[in-house]
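Ligands are counted one by one from 1 in listed order, and the atoms in each one are counted from 1 as well.
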Amino acid sequence: MSTTTFALHAHPDRAAMGAAAARSAARTLREAVAARGTARMIAAAAPSQLDVYRALTAEPDVPWDRITILHMDEYLDLDPAAPQRFGNWLRTHLVDAVQPAAFHPMRTELGAQAATEEYAALLTEGPIDLVCLGIGVNGHIAFNDPPDADLGDPCPVRVVQLDLASRVQQVDDDCFDTLEAVPTHALTLTIPALMNGAHLVCAVPDARKAEAVRALVEEPISSHWPCTVLRRHPHCEVHVDRDAASLLHPAPAVAAPAVR
Ligand SMILES: O=C1O[C@H](COP(=O)(O)O)[C@@H](O)[C@H](O)[C@H]1O
């Protein structure tokens, strides 16, 4: 019989949320390297993860020289040097600071098919120990948008057309000046590829995400709220701030800040 340990932790603010998520991510990476000599993580390139990465880069004794970083989505038809490219964003906010053993950006400049095949092959090179992710306002994980997200997709990577809510979110996050500038298509890891990670650490701050967090906890597991699939994962922890938890009833206890 399989057991799941989906756990939601509420924190007083974004910094406390990020610190708690980073502590758990760092512990997972240390344990994986201790057990196998190397570790592989998939990291979301999203402003909502900034507090997590800030804290993760400050975590002591993470053996980054044994750790490979992959990411979960990338735009098609965007200049390789564009700062909005998720690979570039992740370099700026995580990779350059921690200098991992390897970082594999999605090379969508090769064309959709070649980039898909290349990343699918990379995913098979070893286990994924950790996935650091967030949730979109529409409940998406990576670019698996409702209602088309396929919870049982047989492919690990695919090309998707972005839905309007996801593109608007990119403008709201100040990643693009106008909706027209946001690409219409992207490469994404599918939901099974994300769920394949041994340990998922999900961080969701901000009142804009309160409805998605409510759905994550209360809605039936379905492609209408792709994030609900996280409840099926055997080791998934979700860290939210007080604002993101504001629609949960009963309100979860807010964790006291950890003392090191
Ligand atoms: O990790 C993830 O989180 C973001 C949502 O965060 P935001 O910073 O864009 O608000 C999401 O877009 C991404 O695809 C997802 O899986």
So which protein residues pack against ligand 1 under 4.0 Å, heavy atoms counted? A44, A46, P47, S48, M72, D73, L133, G134, I135, G136, H140, I141, A142, Q169, D173, K209
Side chain to side chain donor-acceptor pair (under 3.5 Å) involving R158 - partner list, sequence neighbours excluded: D153
Go through the structure and list residues passing salt bridge (charged side-chain N to carboxylate O under 4.0 Å, His left out) with D206, not counting sequence neighbours. R14, R208
Applying side chain to side chain donor-acceptor pair (under 3.5 Å), can you list everything that pairs with Q84, at least two apart in sequence or on another chain? none
Indicate yes or no for a side-chain donor-acceptor contact from S223 to the backbone of P147 under 3.5 Å, with no hydrogens or angles considered. yes
Say whether, by atom type as modelled, one donor and one acceptor occur between the side chain of T188 and the main chain of A142 under 3.5 angstrom. no
Parallel, tilted or perpendicular, judged at 30° and 60°: which one describes the rings of H9 and H239? parallel
